[in-house]
Amino acid sequence: MLQVNVLRQKPDWVKERLAVKNFNHPQLVDEIIALDDERKKLQAAYDNAQSQINSASKDIGKLMGQGKKDEAETLKAEVATHKTQVAALNTQMTEVEKNLHDKLVTLPNLPSAMVPPGKTPEDNVVVRSGGDDNIQLYAGAVPHWDLIQTYDLVDFETGSKVTGRGFPFYKGRGAKLQRAMIQYFLDFNTAAGYTEFIPPFMVNEASAYGTGQLPDKEGQMYHVTEDNFYLIPTSEVPLTNIYRDEILKESDLPIKMTAYSPCFRREAGSFGKDVRGLNRLHQFEKVEILQIAHPDKSYDVLEEMTHHIEKLVQSLELPYRILKLCGGDMGFTSALTYDFEVFSAAQQRWLEVSSVSNMESYQTNRLKCRFKDANGKTQLAHSLNGSSLALPRILASILENNQTEHGIKIPQVLHKYFGAEIIS
RNA sequence: GGUGAGGUGGAUGAGCGGCUGAAAUCAGUAGUUUGCUAAACUGCCGUACGGGUUAUUCUGUACCGCGGGUUCGAAUCCCGCCCUCACCGCCA
């Protein structure tokens, strides 16, 4: 959620930035400012009326103490008229505030000055890449969904029977490889100073709201209606909400967290080759990194996180590229996003395995996650997060790229976790 | 799930329905003293939204788990919900 003050101070700049994100309702900015003006007026009137009630009440108390009942009664009558006023102003104010808020949350985060213009994924900019995506597979090479069957690593059919499409069973060496990767990724992250968490896999409504999943992305989450819990679409949700309604010390920053969790996504409306095999699932495993940072340093932190993830991807010996997302392809809450893609040779496709974003204060404003700066002023912290990494597509890419006639070679860094060098 | 107790500022913890935005202590912070540290003493030390002034400061309103109610007036009384703790039940 953007801060109203920013809109008030620089409305034209805000509109220009929104346009970069292909947000086509600039008039909303003016509407919000007008509503905020109204809100202020109502508040002044309300405060004034309430103040009169308060002082009259004190007088009544004194008069009663002195036994002047008649005078007290006249004052009471006066208070009664103010009270109807206050009630009316209060309902008006609530309504205006709700209206203002409802409009405000429809504004996406403003893209940073570094965001390239553009509307579609074709407009994203490759900033770095590594490894060789010109992989010569042997003659019998097949896509991962076939390899999975050959080596009995993942069972989609039984997953469909037991739960539904997109909820596979990982099995045998497939399950162990997942566990090995989780372990390795977490070790890699904690070695860089991230504190490890195992978060709750369901959150309450306030948390889903806090990180922005509600109200706009309600349909993408699984909802446990009986208890009003939401299954987390990413551990970002519980982790970030740790700091909801908190005022931190400046010396606490940056806060670095990492967590493994399953991620649950309904992904309504996807189909075709995008969802084949491990490419897109309703439940998948992911290790996440997240930082709460000082506003002055959040872009350095973003670079640091990006390099961290890059090293992790490199260590897996997968061809990758890092994209700086254009305005039109960025997430709603992000100010700058780098996507990591790995090349999956049998599909001849780039698969997104990580997305690293600086939300600046968009998320923390809604969360009310602040810190006291050196001057004793409270200001909003910045939040950043990134996957490190999403497992299924990494698995797909390892399987496809490393297949040989003798079996699937496991990346060297995973040997000690997996306990073998090849799946054959 | 049942019964009981309780939820107050960073922490501990007071608070006859008006003088309580809230005692006290600790922590924190600025300073004085001391050769340094320690100690002692002094000041400051919640958040949000307004208004006037603006590197300052003054002022209004709201907030004592959350939401309602009673009252001229609620941290204080009543109702509902949430959470914590203890005991019991169930259980990986």
Side-chain angles (χ1 to χ4, degrees), chain A residues 1-9 32-105 198-210 214 224-230 238 241-253 255 262 292 361 364-381:
Chain A
M1 186 165 71
L2 294 173
Q3 293 171 264
V4 181
N5 276 343
V6 174
L7 308 202
R8 298 189 74 101
Q9 281 155 21
I32 287 165
I33 293 170
L35 281 169
D36 194 45
D37 286 337
E38 200 181 339
R39 197 201 98 243
K40 287 186 182 188
K41 274 187 204 137
L42 287 168
Q43 163 122 34
Y46 171 90
D47 284 357
N48 185 38
Q50 187 63 49
S51 167
Q52 294 189 45
I53 291 177
N54 288 347
S55 62
S57 292
K58 278 183 186 159
D59 292 344
I60 290 168
K62 279 179 204 148
L63 290 171
M64 297 289 269
Q66 296 163 4
K68 298 175 179 170
K69 285 206 170 140
D70 294 347
E71 289 179 47
E73 286 306 322
T74 40
L75 264 183
K76 280 190 193 183
E78 211 173 285
V79 167
T81 63
H82 281 129
K83 276 187 87 171
T84 53
Q85 238 184 68
V86 161
L89 285 166
N90 199 17
T91 45
Q92 276 184 65
M93 207 156 73
T94 315
E95 202 172 301
V96 169
E97 273 169 5
K98 182 181 184 308
N99 205 343
L100 170 67
H101 183 263
D102 287 351
K103 284 200 159 73
L104 197 57
V105 295
I198 300 177
F201 299 157
M202 290 192 246
V203 294
N204 60 28
E205 199 176 359
S207 295
Y209 179 82
L214 292 179
V224 180
T225 51
E226 189 165 4
D227 300 291
N228 202 21
F229 291 152
Y230 292 87
N241 271 285
I242 293 172
Y243 295 98
R244 168 154 51 89
D245 287 318
E246 294 287 337
I247 298 178
L248 301 160
K249 285 181 284 192
E250 190 167 19
S251 58
D252 292 334
L253 303 176
I255 291 168
I292 311 280
S361 62
T364 50
N365 185 34
R366 194 186 275 210
L367 281 166
K368 295 192 172 59
C369 170
R370 296 150 293 173
F371 70 98
K372 257 199 203 333
D373 67 20
N375 301 319
K377 298 257 187 221
T378 42
Q379 51 172 309
L380 293 168

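All chains are named by letter (A, B, ...) in the order of the sequence lines, taking the proteins before the strands, and each is independently numbered beginning at 1. Computed from heavy atoms alone, side chains included, the values below leave out hydrogens, waters and symmetry copies.
Comparing the same atom, C1', in B:A74 and in B:G17 gives a spacing of 6 Å after rounding to whole Å. Atom C1' of B:C90 sits at a distance of 38 Å from the matching atom of B:G69, rounded to the whole Å. Rounded to the nearest Å, the gap between the P atom of B:A22 and that of B:U33 is 33 Å. If you take atom P in B:G31 and the same atom in B:G51, they sit 35 Å apart, rounded to whole Å. Using C1' as the reference atom, B:G21 and B:U47 are 11 Å apart when rounded to the nearest Å. Across the C1' atoms, B:C79 and B:C88 are found 28 Å apart, a figure rounded to whole Å. A gap of 12 Å separates the C1' atoms of B:G46 and B:U8, to the nearest Å.
In this structure, A:Asn54 reaches the sugar-phosphate backbone alone: every heavy-atom distance under 4.0 Å involves primed, P, OP1 or OP2 atoms, never a base. Within 4.0 Å of A:Ile247, counting heavy atoms only, lie sugar-phosphate atoms of the nucleic acid but no base atom. As judged by a 4.0 angstrom heavy-atom cut-off over every strand, A:Lys41 is placed among residues making no nucleic acid contact.
In this structure, A:Asn48 places its CG atom 17 Å from P of B:G50, rounding to the nearest Å. We find that NZ of A:Lys377 is positioned 14 Å from C1' of B:U47, with the value rounded to whole Å. As a whole-Å value, the separation of A:Asn365 CG from B:A48 C1' is 12 Å. If you measure from atom CG of A:Leu75 to atom P of B:U71, you get 18 Å, rounded to the nearest angstrom. Residue A:Asp47 contributes atom CG, which lies 8 Å from atom P of B:A62 at whole-angstrom precision.
With contacts defined as side-chain heavy-atom distances shorter than 4.5 Å, the pair A:Asp227/A:Met202 does not qualify. Between A:Lys372 and A:Asp252 there is no side-chain heavy-atom pair separated by less than 4.5 Å. Side-chain contact between A:Val105 and A:Arg366 is present, with at least one heavy-atom pair separated by less than 4.5 Å. You'll find the side chain of A:Tyr46 reaches within 4.5 Å of the side chain of A:Val86, heavy atoms only. Side-chain contact between A:Lys98 and A:Thr94 is absent, with no heavy-atom pair separated by less than 4.5 Å. By the 4.5 Å heavy-atom criterion applied to side chains, A:Val96 and A:Leu42 are counted as neighbours.
Between A:Arg370 and the phosphate of B:U47, there is no side-chain N or O to OP1/OP2 separation shorter than 4.0 Å. At least one side-chain nitrogen or oxygen of A:Gln50 sits closer than 4.0 Å to the OP1 or OP2 atom of B:A62. For B:A48, the OP1/OP2 oxygens have a side-chain nitrogen or oxygen of A:Thr378 closer than 4.0 Å. A:Arg39 has no side-chain polar atom (N or O) that falls below the 4.0 Å cut-off from OP1 or OP2 of B:C49.
Of the N and O atoms on the side chains of A:Gln379 and A:Asp373, at least one donor lies less than 3.5 Å from an acceptor on the other residue. Between the side chains of A:Ser207 and A:Asn204, at least one donor N or O sits under 3.5 Å from an acceptor N or O.
Ion pairing of A:Glu38 with A:Lys41 is absent here, as no side-chain N (NZ or NE/NH1/NH2) approaches a carboxylate O to less than 4.0 Å.
Considering only side-chain atoms of A:Lys40, the nucleotide from B:U61, B:G51, B:C72 that sits closest is B:G51.
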Please list, pair by pair, any protein nitrogen or oxygen found under 3.5 Å from a nitrogen or oxygen in nucleotides 16-18 of chain B.
residue	atom	partner	partner atom	Å
B:G18	N2	A:Ser57	O	2.7

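Using a 4.0 Å cut-off on heavy atoms, none of the residues of residues 87-105 of chain A approach RNA chain B.
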